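Please read all numbers here as calculations on a predicted model, not as lab measurements.
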Amino acid sequence: MAQSTGYTETHAKSGLDSSFPDIETWPNQFPAYEIVIDVPEFTSVCPKTGLPDFGVIAIRYMPEEHCLELKSLKEYLNCYRNLGIFQENIVNQVLEHVIKAAKPEWVIVKGDFRPRGGISTTVEARWPRPQTSSSSNGRR
């Protein structure tokens with residue numbers, strides 16, 4: 001029997017319709033190499049409790065024609081600072097925005113969130129996304 005937690009669909013979708021600045025790119029000059037971007041001071045807000053969430057976001061990708069411009073990426077990620085959004089949604093939304101901006105060969109976004117209430121969370125999303133029976137739920 002499912003127990004009610006008080007979380008609503010509004011909580012679940014919180015932050016997903018927010019406006020973000022574009023992530024800029026610059027032309028890639030070399031083939032077949034990986035870039036890892038580490039964001040050790042990432043912050044956001046729990047949409048239900050309003051408490052801050054702290055974590056590390058890592059973006060690992062193989063550029064094709066474009067590389068992510070770091071200053072605009074930092075400005076983009078700073079928009080999450082006061083945004084009520086679930087950690088799972090952060091990782092998947094960052095993945096979608098990186099894909100849209102740079103169109104990489106592949107990308108992995110990992111969020112390693114600090115403990116709150118004794119529980120830490122690690123969320124990882126990748127593109128191309130693995131095929132699953134529920135792939136039709138994708139946002140892309």
Side-chain angles (χ1 to χ4, degrees):
M1 172 167 28
Q3 190 173 24
S4 175
T5 62
Y7 286 95
T8 66
E9 186 151 341
T10 301
H11 291 122
K13 292 182 177 182
S14 181
L16 293 177
D17 60 355
S18 295
S19 179
F20 291 87
D22 290 336
I23 302 170
E24 296 178 19
T25 61
W26 53 275
N28 180 31
Q29 306 300 305
F30 300 97
Y33 67 101
E34 296 177 20
I35 298 172
V36 179
I37 301 167
D38 185 52
V39 185
E41 298 176 338
F42 182 85
T43 60
S44 63
V45 177
C46 174
K48 182 156 194 271
T49 66
L51 295 172
D53 285 325
F54 301 94
V56 176
I57 299 288
I59 302 168
R60 181 181 194 105
Y61 72 104
M62 181 176 287
E64 202 163 294
E65 293 183 21
H66 297 94
C67 296
L68 298 173
E69 194 277 321
L70 296 180
K71 182 180 180 207
S72 70
L73 179 63
K74 178 177 72 173
E75 291 170 351
Y76 162 82
L77 291 170
N78 282 340
C79 289
Y80 287 92
R81 180 175 291 147
N82 297 313
L83 182 63
I85 185 170
F86 286 133
Q87 297 163 350
E88 296 83 354
N89 291 350
I90 293 165
V91 170
N92 282 283
Q93 185 162 267
V94 170
L95 176 75
E96 295 295 325
H97 290 158
V98 166
I99 293 165
K100 180 181 175 189
K103 299 171 183 61
E105 184 73 29
W106 56 263
V107 61
I108 300 170
V109 177
K110 181 178 179 180
D112 186 5
F113 297 93
R114 302 286 51 104
R116 193 159 40 84
I119 298 176
S120 61
T121 306
T122 301
V123 181
E124 186 173 284
R126 60 186 66 231
W127 186 83
R129 291 198 185 260
Q131 293 299 313
T132 66
S133 59
S134 61
S135 289
S136 60
N137 294 350
R139 297 187 63 202
R140 286 200 61 205

* To do: For this output row, return yes or no: ring centroids of F86 and F113 closer than 6.0 angstrom.
  => no

* Structure fact -> Between S14 and G84, the two heavy atoms sitting closest are OG-O, 2.6 Å

* **CD-CG distance between E41 and L77, expressed to the nearest 0.5 angstrom** => 12.5 Å

* To do: Report yes if the side chains of E24 and L68 come closer than 4.5 Å at any heavy-atom pair, otherwise no.
  => no

* To do: Flag the pair E124 / R126 as yes when at least one side-chain heavy-atom distance between them is below 4.5 Å, and no otherwise.
  => yes

* In terms of hydrophobic clustering (I, L, V, M, F, W, Y; side-chain heavy atoms under 4.5 Å; direct or indirect links), are I85 and V123 co-clustered? -> yes

* For the side chain of N28 and the backbone of E64, is there at least one donor-acceptor N/O pair under 3.5 Å apart? -> yes

* Any chance CG of N78 has more than 12 other-residue heavy atoms, nucleotides or ligands included, within less than 6.0 Å? -> yes

* Given the rule that I, L, V, M, F, W and Y join up when any side-chain heavy atoms are under 4.5 Å apart, are W106 and I57 in one cluster? -> no

* Ignoring hydrogens and geometry, is there a side-chain-to-backbone donor-acceptor pair from D38 to V56 under 3.5 Å? -> no

* Is any side-chain heavy atom of Y80 closer than 4.5 Å to a side-chain heavy atom of I90? -> yes

* Taking all non-hydrogen atoms of both residues into account, name the closest pair between A32 and M62 and its distance. => CA-SD, 4.0 Å

* To do: For the residue pair T8 and H11, establish whether any side-chain heavy-atom pair is separated by less than 4.5 Å.
  => yes

* To do: Mind listing the closest non-hydrogen atom pair of R116 and C46 along with its distance?
  => NH2-CB, 3.4 Å

* Determine, for E9 against K13, whether the closest basic-nitrogen to carboxylate-oxygen distance falls under 4.0 angstrom. => yes

* Closest approach of F20 and G15, non-hydrogen atoms and distance? -> CE1-O, 4.1 Å

* Asked: CZ of R114: more than 12 outside heavy atoms within 6.0 angstrom?
  -> yes

* Asked: Take atom CZ in F30; do more than 12 heavy atoms of anything else shown fall under 6.0 Å from it?
  -> no

* Asked: Do the side chain of H97 and the main chain of V94 share a donor and acceptor less than 3.5 angstrom apart?
  -> no

* Given side chains that start at C-beta, do those of D53 and L51 come closer than 4.5 Å, heavy atoms only? -> no

* V45, F42: one ILVMFWY side-chain cluster at the under-4.5 Å cut-off? -> no

* Non-hydrogen side-chain atoms of N92 and E96 separated by less than 4.5 Å -> no

* To do: Kindly write out the residues that satisfy side-chain hydrogen bond (donor to acceptor under 3.5 Å, both in side chains) with T49, not counting sequence neighbours, or none if the list is empty.
  => none

* Just how far is it from atom CG of L73 to atom SG of C67, taken to the nearest 0.5 Å? -> 12.0 Å

* Determine, using the 4.5 Å side-chain heavy-atom cutoff (strictly less than), whether Y76 and W26 are members of one ILVMFWY cluster. => no

* To the nearest 0.5 Å, tell me how far L95 CG sits from Q93 CD. => 10.5 Å

* Are I59 and V36 side-chain neighbours, meaning at least one heavy-atom pair lies under 4.5 Å? -> no

* Asked: Would R60 and E34 count as a salt bridge (charged side-chain N to carboxylate O under 4.0 Å, His left out) if you check the C-alpha gap in whole Å, the side-chain angles of each, and the deciding distance to 0.1 Å?
  -> CA-CA 7 Å; R60 181 181 194 105; E34 296 177 20; 2.5 Å; yes

* Can you find a heavy atom in the side chain of P21 that is under 4.5 Å from one in the side chain of C79? -> yes

* To do: Indicate if I35 and I108 have the same hydrophobic cluster label, given that clusters are the connected sets of ILVMFWY residues with side-chain heavy-atom separations under 4.5 angstrom.
  => no

* To do: Please step through side chain to side chain contact (heavy atoms under 4.5 Å, CB included) for the pair S18 and L83, ending with a clear verdict.
  => CA-CA 9 Å; S18 295; L83 182 63; 3.2 Å; yes

* Taking atom types as modelled, is there a side-chain donor on S72 or E75 under 3.5 Å from an acceptor on the other? -> no

* Which of these passes side chain to side chain contact (heavy atoms under 4.5 Å, CB included) with V98: I37, V107, T25? -> V107

